[in-house]
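Presented below is the structure to which this report refers.
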Amino acid sequence: MDSTPNPSPLLAEVAAAIFAALPSEAGLTAEDVVEMLEAPPKPDMGDFAFPCFRLAKALRKAPPKIAADIAAALPAASIVESGQLAGPYLNVRVNLGKAAALVLPNLASGSTELAVTRDEKVMVEYSQPNTHKAFHVGHLRNVCLGDALVRLLRADGYEVVAANYLGDVGAHIAKCLWWFLDHLDEAGRQPPDRARGEWLGEVYATASNQLTSWQEAAKGGDADAAAKLAAAKVRTTEILQKLESGEPTITAVWEKTRQWSLAEFDEIYDWCGVVFDRVFYESEVGEPGLAIVAEYLEKGVFVESEGAIGCINEEVKHMPFFMLRKRDGTGLYSTKDLALARLKFEEYAIDRSIYVVDVRQSDHFAHVFLTLHKMGFAQADLCEHVPYEMVELPSGPMAARTGTVILFSELRERMVGHLTENYLAKYRGDWPDEEIETTARQLALGAIKYGMLNRDVNQKIIFDMEAWMAVEGDTGPFVQYSAARTASILRKAAAKGLTLSEATIANAETVAASLDQPEERALVLRIAELRGAVHQAAKTFRPNVMCTYLLELAKSINRFSNSKQCHVLSSEGDLLQARLLLVTAARAAIEWGLARVGIEAPARM
RNA sequence: GCGCGCGUAGCUCAGCUGGAUAGAGUGUCGGCUUCCGAAGCCGAAAGCCGCAGGUUCGAAUCCUGCCGCGCGCACCA
């Protein structure tokens with residue numbers, strides 16, 4: 001699991017050549033050599049660098065001497081064309097034809113799979129929005145991250161179950177329904193035709209704001225506000241109890257309104273290209289959770305404290321008591337998490353259970369897993385929380401209550417509108433309207449997903465819509481642009497009757513030997529890093545690793561596309577075929593790579 | 001107070017399983033379109049890698065302490 005299960009064939013070949021030149025006393029395996037290979041600081045120094053520091057002890061020689069000895073012993077006629085000494089480093093240059101033959105044909109012939117299977121099933125739980133609340137950009141980071149992890153893990157050989165966990169019960173629902181039923185008239189209860197979930201979110205925000213302002217006024221001695229607050233609390237508690245007992249009238253309202261939110265979530269996920277295999281609902285784990293609490297209280301694993309029931313986890317020093325049942329006998333988020341954790345393993349026989357939830361809940365999940373462990377739940381150690389930092393606006397943290405949020409619908413409209421007007425409008429009449437629409441969506445999504453993912457998970461993101469809409473530099477649309485150019489070259493070539501032949505794929509080494517430009521060499525080497533990048537991103541749960549790679553790949557493609565010396569259409573013979581092979585593989589690599597982080601590559605833009 | 005995270009170029013960030021002269025985007029300045037897309041390419045200026053110790057042949061990277069900022073810490077989710 002730690003080493004790359006299926007390293008790039010190029011890397012393996014280079015390592016094999018160096019390994020063959022290594023004295024046996026070095027004590028290294030060929031796999032060790034793969035791990036040690038790195039890229040020299042400048043491309044003109046070589047294609048791969050092999051640092052010899054670590055061998056000094058075993059060989060009892062100075063690193064530069066070791067590098068020289070290896071260079072002298074390199075096997076002839078291997079992938080390694082020449083070795084160049086640079087102090088303690090041995091820099092090697094590979095034979096470009098051989099290298100190209102190792103990395104390009106598979107991609108060019110449509111085989112983009114990494115051909116790894118691990119016989120390990122992983123569940124990734126993410127998104128977890130609450131019904132009756134608005135969906136905003138803050139929620140989007142989680143969706144982008146979770147979806148990317150699902151795709152990356154699948155590419156890295158795991159069987160993945162993508163799971164969502166919807167918050168369809170709880171105090172926020174009671175507040176929302178309280179306002180909906182008691183403060184809106186018949187007409188006011190009619191939702192709009194579209195964006196009903198957001199509309200419901202406004203109802204909730206109104207209720208929440210009213211309660212907060214009454215609370216503050218009451219603190220200031222306002223008796224009227226205090227009375228209203230008390231009445232509201234009685235009413236929301238009543239609503240909550242009626243919901244829990246399944247009282248028909250309230251339950252019908254809950255089901256109807258809940259459906260409005262659910263329908264909107266479906267539309268959002270659809271637009272984002274996100275698919276879940278299983279959706280859990282809080283409403284299905286409430287009772288099982290309370291049953292667990294009763295069972296383990298009985299067994300003496302859980303204890304009572306100030307009327308509440310919980311588990312003592314000394315490991316969490318600042319707050320060892322993990323509450324699982326309130327004084328009034330009702331459960332909490334934590335209660336349901338115990339039942340949900342168990343349900344996941346029972347239902348899917350998974351080997352690992354991953355929770356993508358923001359970093360503020362790190363303590364919560366530490367408690368959940370410790371508690372499961374104390375319950376004797378065998379799979380407790382197979383659960384893992386993947387935390388990530390929050391998204392804020394330039395004006396500060398987002399808060400639905402104060403209205404300082406960017407709702408999903410607004411984000412979508414503004415980005416699609418901006419991209420259409422500024423970049424795609426010129427194609428009107430030339431392209432089908434439908435393609436312009438689709439492309440705008442792909443680019444908006446590329447900007448959003450790349451922006452959300454191209455940052456380490458423990459870095460806060462300041463979401464500045466203006467900045468994100470400027471699609472230059474380190475952005476999704478930049479990467480998409482380079483992909484579109486490869487497609488464009490292939491399109492133009494095909495129009496001239498120039499196509500990649502089967503013979504080229506079969507004879508790649510000979511044909512590709514005609515490649516001789518530095519941009520071509522750099523592109524081949526960059527494409528060879530694709531597998532490693534996917535594996536690294538999946539292993540560490542950090543899609544930003546993949547974004548960094550994609551940016552480098554895009555730059556390599558642009559340099560190639562921009563170079564007069566690498567012109568494809570005006571090439572002939574083997575060189576033409578070699579370049580068609582390179583462009584076809586580059587297109588496949590960037591398209592597939594983008595897809596690993598949930599981004600589509602338009603054919604033109 | 002305790003716990004977690006962040007602090008690298010004017011700005012936003014990579015690099016952090018220790019290794020070559022610390023990289024990218026953006027901004028600034030200067031170049032490149034008779035030839036596959038200028039949403040592009042090339043170049044320049046720009047950094048006591050928060051501070052102080054330690055480990056090491058070698059530290060942005062590991063350890064310790066400190067400073068600054070953010071987040072979390074029982075009846076919400």
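What you see is a predicted model; the values in this text were computed from it and never measured. Below, chains carry the letters A, B, ... as their sequence lines are ordered, and counting in each starts from 1.
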Among [options], which is the nearest nucleotide to the side chain of [X]?
{"X": "A/K460", "options": "B/rG70, B/rA39, B/rC41", "answer": "B/rG70"}
{"X": "A/Y481", "options": "B/rA77, B/rA39, B/rC36", "answer": "B/rA39"}
{"X": "A/D363", "options": "B/rG72, B/rG37, B/rU12", "answer": "B/rG72"}
{"X": "A/F478", "options": "B/rA77, B/rG15, B/rG40", "answer": "B/rG40"}
{"X": "A/N562", "options": "B/rA77, B/rA74, B/rG40", "answer": "B/rG40"}
{"X": "A/K492", "options": "B/rC36, B/rU17, B/rG15", "answer": "B/rC36"}
{"X": "A/H318", "options": "B/rG1, B/rA74, B/rA14", "answer": "B/rG1"}

Is A/E282 paired with A/K336 through a side-chain N to carboxylate O contact shorter than 4.0 Å?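 Counted as a salt bridge, because a side-chain N and a carboxylate O are separated by less than 4.0 Å.
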Students often mix this up, so state it plainly: with edges at 30° and 60°, are the rings of [X] and [Y] parallel, tilted or perpendicular?
{"X": "A/W468", "Y": "A/F463", "result": "perpendicular"}
{"X": "A/F322", "Y": "A/H367", "result": "parallel"}
{"X": "A/H139", "Y": "A/H136", "result": "tilted"}

For [N], take OP1 and OP2 only and decide whether either is under 4.0 Å from a side-chain N or O of [X].
{"X": "A/Q459", "N": "B/rU12", "answer": "no"}
{"X": "A/R54", "N": "B/rU17", "answer": "no"}
{"X": "A/N458", "N": "B/rC6", "answer": "yes"}
{"X": "A/S561", "N": "B/rC36", "answer": "no"}
{"X": "A/N130", "N": "B/rA77", "answer": "no"}
{"X": "A/R485", "N": "B/rA38", "answer": "yes"}

Ring center gap for A/Y89 and A/F48 short of 6.0 angstrom: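 Judged by ring-centre distance (under 6.0 Å), A/Y89 and A/F48 do not meet the cut-off.
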With a 6.0 Å cut-off on the ring centroids, do A/F369 and A/Y355 count as close? yes
Look at the side chain of A/Q480 and the backbone N and O of A/Q442, then say whether any donor-acceptor pair between them is shorter than 3.5 Å.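 Side chain of A/Q480 to backbone of A/Q442, a donor-acceptor pair under 3.5 Å: yes, one is there.
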With nearest nucleotide decided by heavy atoms, which residue, A/E392 or A/K564, maps closer to the 5′ end of RNA chain B? A/K564
Upstream residue (5' side of RNA chain B) when A/S334 and A/F560 are each assigned their closest nucleotide: A/F560
Sort me out a list of protein N/O and nucleotides 20-30 of chain B N/O pairs below 3.5 Å, or just none if empty.
residue, atom, partner, partner atom, Å
B/rA20, N6, A/N91, OD1, 3.1
B/rA20, N1, A/N91, OD1, 3.3
B/rA20, N1, A/N91, ND2, 3.1
B/rA24, O3', A/K555, NZ, 3.1
B/rG25, O2', A/D474, N, 3.2

Integer angstrom distance from the [atom1] of [N] to that of [M]:
{"N": "B/rC63", "M": "B/rC16", "atom1": "C1'", "answer": "14 Å"}
{"N": "B/rU61", "M": "B/rA9", "atom1": "P", "answer": "15 Å"}
{"N": "B/rG50", "M": "B/rG70", "atom1": "C1'", "answer": "15 Å"}
{"N": "B/rA20", "M": "B/rG37", "atom1": "P", "answer": "40 Å"}
{"N": "B/rU17", "M": "B/rC32", "atom1": "C1'", "answer": "42 Å"}
{"N": "B/rC13", "M": "B/rG30", "atom1": "C1'", "answer": "26 Å"}
{"N": "B/rC67", "M": "B/rC51", "atom1": "P", "answer": "15 Å"}
{"N": "B/rA14", "M": "B/rG53", "atom1": "P", "answer": "28 Å"}

Side chain to side chain donor-acceptor pair (under 3.5 Å) partner of A/Y450, chosen from A/T475, A/N544, A/D474: A/D474
Cation over ring, A/R526 on A/F560, under 6.0 Å and within 45°? no
Aromatic ring of [X] stacked on base six-ring of [N], 5.5 Å, 30°:
{"X": "A/F53", "N": "B/rG19", "answer": "yes"}
{"X": "A/F322", "N": "B/rA74", "answer": "no"}
{"X": "A/H567", "N": "B/rC36", "answer": "yes"}

Could you check whether the side chain of A/Y423 and the base of B/rG40 have a donor-acceptor pair of N or O atoms closer than 3.5 Å, going by distance alone?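 No, the side chain and the base share no sub-3.5 Å donor-acceptor pair.
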Where does B/rU55 land, syn or anti, given syn is within 90° of 0? anti
Mind calculating the distance between CD (A/Q480) and C1' (B/rG37) to the nearest angstrom? 15 Å
Pairs under 3.5 Å (Watson-Crick or G-U), crossing ones as [ ], inter-strand ones as |: RNA chain B comes out as (((((((..((((.....[...)))).(((((.......))))).....(((((..]....))))))))))))....
